[in-house]
Structure formats: structure tokens, C-alpha cells
Amino acid sequence: MTANLSETLTLLLVEDDDGDAFLVEELLKQAAAPPKIFWARSLQEAKAKLTPQIQCVLVDLSLPDAHGLEALEEVLALAPHTAVLVLTGLRDTHVGVAAVQAGAQDFLVKGDIDARLLARAIRYAMERKRADLAQLRLVQAELTAQENSRLESALLPDALLHTQAIEHVTRYLPGSGGTLAGDFFDTVQTPDGSVHVVVGDVCGHGPDEAALGVALRIAWRTLVLAGQTDDTLLRTLDALLRAERKAPEIFTTLCMATITPDLRNARMRVVGHPPPVLMRDGAVQVVDGTPSGPPLGIFTDAEWSVIDVPLGEEWSMMLYTDGLIEAVVGERDEMLGVEGLLDLVREHGAIDLDRLITRAGTLSDDLAAVLVRRRRP
């Protein structure tokens with residue numbers, strides 16, 4: 001009876017017995033599309049022939065250089081994405097069952113196979129492997145999504161504000177790649193009535209960068225609540241970054257502002273970060289004198305100057321990461337840039353985060369933004 005293999009497959013047969021190997025080859029020649037078979041007499045030979053083109057491995061568990069489940073474990077380690085079909089003797093069916101439990105897709109007793117059974121077993125083994133890999137990818141995706149959700153919530157916490165005099169709006173959007181990054185923000189009000197805001201950006205993308213962003217944000221909040229809001233804070237964050245980063249080229253930019261209790265002035269440090277946008281008494285501008293120092297993690301002797309910003313009676317201030325000004329806009333796919341951002345704010349007549357993000361265009365990088373605005377009495 002013709003074996004039901006309708007496409008030409010590439011198989012690896014690992015079998016030290018010439019007679020058994022000849023039997024398998026002869027049976028598979030009866031398929032509608034006989035497969036291309038590579039033959040290895042030992043596990044060592046199999047290692048050289050186990051290329052990415054191999055779609056299914058048929059392996060006997062009694063080999064000169066490996067025996068039983070040891071042989072299977074070696075094959076599974078060498079070809080984790082390839083279907084594996086185990087061949088056993090009449091007295092070794094229990095080994096076949098154990099092999100399936102250990103990761104093989106199926107097993108056959110060599111004395112009981114015919115062409116149709118062999119072809120069907122190969123086809124089913126490949127389908128089971130595809131299903132197993134799809135399920136594994138699904139589980140990994142779910143775990144990644146859960147981890148990303150936890151990291152994102154830690155990067156973007158609820159504000160610790162105890163005043164109704166300030167409106168506080170935040171937004172976060174992932175870039176076009178969809179990979180979690182290290183953008184973070186936080187807002188804290190200390191007992192003296194001062195409001196502290198930070199927006200930061202760990203360079204790079206991935207869970208390590210996101211975890212580093214979480215550590216920096218938590219450290220910033222802890223230091224602010226402990227009353228450390230000067231250069232001691234930045235030097236501590238710099239030391240933490242150097243201790244926790246996975247590579248020496250990882251750096252972090254950030255912008256932090258301390259708004260005085262009367263809400264009329266702010267002290268800012270812009271650490272290698274894009275300049276904040278300030279709307280004051282109807283005029284739109286970026287904060288002058290930025291940046292006030294280099295990013296964290298680059299220079300061991302870095303210093304950061306303080307920028308004193310008069311706010312007045314009616315004001316709005318936006319701190320953001322560079323994903324906003326690096327957004328692609330227009331038919332020429334040009335970056336928005338700081339001047340483009342200011343033009344959008346002037347066009348709107350206010351700092352409206354949702355309208356800005358909508359008009360900004362396609363994001364190539366993550367975007368985190370915090371808007372603080374003094375409410376009218």
C-alpha cells in the first residue's frame with residue numbers, strides 16, 4: 001500500500017543496524033513522494049548531519065555511543081525544533097513509552113511497521129511537533145505579556161499627589177516595534193508641599209532595560225521621600241545604574257523638576273534629556289539652559305547644574321521622552337523635533353497630550369510623557 005507522504009521530506013535516520021536501516025529506506029520508497037534520507041550509524045555521525053533542513057529524526061535507542069533515553073536526550077538537545085520518532089525493538093516497547101514521555105513525538109516497534117504505518121507516524125510526529133511548538137510560543141507570549149504588564153505598571157506608577165491645585169496627566173505608548181523599553185515617570189509630593197516630577201529613559205529595549213528603569217524609578221521615589229533632591233540623588237542613581245546595568249554602554253537620560261509649595265517656581269535638572277515644554281501666561285517655549293548635564297552612566301565625574309524656572313500664576317509644563325520628538329511626520333517622513341513639537345502646542349493653544357500624540361505621527365520609540373498644570377483658583 002502506498003505511503004501517504006505527499007511532499008518530499010528530508011529525514012535523518014540514526015540506526016546502527018544495516019538491516020533495520022535498509023528496511024526503513026525500502027518502506028519509505030513506497031511513498032507518493034519518497035523522502036530524502038540521511039543515514040547516521042552513531043550519535044556522533046548524527047551530530048554532523050543534523051542540519052536545519054532535517055524535518056524529522058528517526059532514532060534507534062541502541063547506538064554504539066549512546067543508549068536508551070541518553071540517545072534521545074542528545075537528539076532533542078541538538079534539534080529542539082525538529083520532530084523525533086523513536087524506533088524500538090519488540091522487547092523495548094516500555095522504552096518507547098518512556099521516550100514519548102521524555103519529549104519524543106511518537107515511537108514505533110521495528111518488527112511491527114509497514115510502509116503506511118511508518119509514513120503516517122512520520123507525518124503525525126511532525127504535526128505534533130508543530131502543535132507543541134505553537135503551544136510553547138503561546139505560553140511564552142502569555143508569560144512575556146504578564147511580565148511586561150508587571151514591569152510597565154512598575155515603570156508608570158500612580159502619582160503621590162495630595163493637592164487639588166495641580167492637574168496631572170500622564171501617557172505612555174510603546175514604539176512601532178512593540179518591545180518594552182525603559183521609559184519611566186513618577187510624581188511625588190513631599191510633606192513641605194513641594195511637587196517632584198521625573199521622566200527618564202534607559203537606552204535600549206527589552207526586559208533588562210525595563211527592569212533597570214523600574215529600579216531607577218523606585219530609587220528616585222525613595223530618595224525624594226527621604227529628602228534627597230539635589231546632586232546626591234543624581235549621584236546615587238548614577239551609582240545604581242552602573243551597578244545594575246548589563247553592559248557598560250547602557251546610559252540613562254532623565255528630567256526632573258521640583259515645583260515649590262506656592263506653585264510659582266520650579267527647580268529643574270535636565271540630565272542629557274530633551275528640554276521640557278513650558279506654557280506660561282500664553283507663551284510657549286522650551287526651558288532655557290538645557291541640558292544641565294550629561295546622561296547618567298557616562299562620566300564618573302559628571303556635574304549637573306540647577307535650572308531655576310519662574311512659573312508665575314498660570315502655567316503648564318510637559319516632561320517627555322525622546323519618542324515624542326523622534327516621531328515621523330509628513331510625507332517626507334521627517335522627525336517631528338523640538339521645534340515641530342512647539343509648533344503643535346502653539347497650534348492647539350494648549351498642551352494637550354492626546355492631541356499631541358495623535359498629531360505627532362508614527363512612533364519609532366517608546367513615549368512617556370507627564371503634564372503638570374496649575375489649576376485656576
Worked verdict on D186 versus W220 for side chain to side chain contact (heavy atoms under 4.5 Å, CB included): CA-CA 9 Å; D186 204 347; W220 179 88; 3.7 Å; yes
Less than 3.5 Å apart, which donor and acceptor atoms pair up between the side chains of residues 274-291 and the rest of the protein, not counting sequence neighbours?
{"from": "R280", "atom 1": "NH1", "to": "P310", "atom 2": "O", "distance (Å)": "2.4"}
{"from": "R280", "atom 1": "NH2", "to": "Q285", "atom 2": "OE1", "distance (Å)": "3.0"}
{"from": "T290", "atom 1": "OG1", "to": "V287", "atom 2": "O", "distance (Å)": "3.4"}

Would you mind listing the cluster partners of F299? Hydrophobic ones only (ILVMFWY), side-chain contacts under 4.5 Å, chaining allowed. F251, I298
Please tell me if the side chains of V86 and D106 come closer than 4.5 Å, counting only heavy atoms from C-beta onward. no
Results of side-chain contact (heavy atoms from CB on, under 4.5 Å) for [X] - residues two or more places apart only:
{"X": "F22", "answer": "E26"}
{"X": "A48", "answer": "none"}
{"X": "E167", "answer": "V169, R373, R375"}

Looking at E15 and K110, does any basic side-chain N land under 4.0 Å from a carboxylate oxygen? yes
Testing D65, D16, D18 for salt bridge (charged side-chain N to carboxylate O under 4.0 Å, His left out) with R41, which one passes?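 So the option named by the test is D18.
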Supply the atom-to-atom distance T253 OG1 to L296 CG, rounded to the nearest 0.5 angstrom.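 Interatomic distance, T253 OG1 to L296 CG, rounded to 0.5 Å: 8.5 Å.
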State the CD-CG distance between Q101 and L69, to the nearest 0.5 angstrom. 9.5 Å
Check for a donor-acceptor pair, side chain of [X] on one end and backbone N or O of [Y] on the other, with a separation under 3.5 Å.
{"X": "Q30", "Y": "A115", "value": "no"}
{"X": "K49", "Y": "W39", "value": "yes"}
{"X": "D201", "Y": "T321", "value": "no"}
{"X": "Q228", "Y": "T232", "value": "no"}
{"X": "R235", "Y": "A302", "value": "yes"}
{"X": "R374", "Y": "W315", "value": "no"}
{"X": "Q55", "Y": "T10", "value": "yes"}
{"X": "R269", "Y": "G293", "value": "no"}
{"X": "H273", "Y": "Y320", "value": "yes"}

Would I122 and L58 count as a side chain to side chain contact (heavy atoms under 4.5 Å, CB included) if you check the C-alpha gap in whole Å, the side-chain angles of each, and the deciding distance to 0.1 Å? CA-CA 8 Å; I122 292 171; L58 289 74; 4.2 Å; yes
Of the non-hydrogen atoms in L85 and C56, which two are nearest, and what is the gap between them? CB-SG, 4.4 Å
Grab the two heavy atoms, one from L28 and one from P35, that are nearest each other, plus how far apart they are. O-CD, 3.6 Å
Start with the C-alpha distance between I357 and R171, add both sets of side-chain angles, then the distance that settles side chain to side chain contact (heavy atoms under 4.5 Å, CB included), and finish with yes or no. CA-CA 9 Å; I357 292 170; R171 292 291 183 268; 3.8 Å; yes
Which residues pass the salt bridge (charged side-chain N to carboxylate O under 4.0 Å, His left out) test with D262, not counting sequence neighbours?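 Result, salt bridge (charged side-chain N to carboxylate O under 4.0 Å, His left out) vs D262: none returned.
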Quick one: which of L234, V198, T252 gives a side chain to side chain contact (heavy atoms under 4.5 Å, CB included) with V271?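 When L234, V198, T252 are each tested with V271, the side chain to side chain contact (heavy atoms under 4.5 Å, CB included) holds only for L234.
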Evaluate T229 against H196 for side-chain hydrogen bond (donor to acceptor under 3.5 Å, both in side chains), listing each step before the verdict. CA-CA 9 Å; T229 58; H196 309 267; 5.3 Å; no
Could you walk me through whether Q44 and S42 pass the side-chain hydrogen bond (donor to acceptor under 3.5 Å, both in side chains) test, one step at a time? CA-CA 5 Å; Q44 190 63 35; S42 67; over 6 Å; no
For a side chain to side chain contact (heavy atoms under 4.5 Å, CB included) check, start with the C-alpha distance between I259 and S194, then their side-chain angles and the critical distance, and finish with the verdict. CA-CA 6 Å; I259 302 169; S194 298; over 6 Å; no
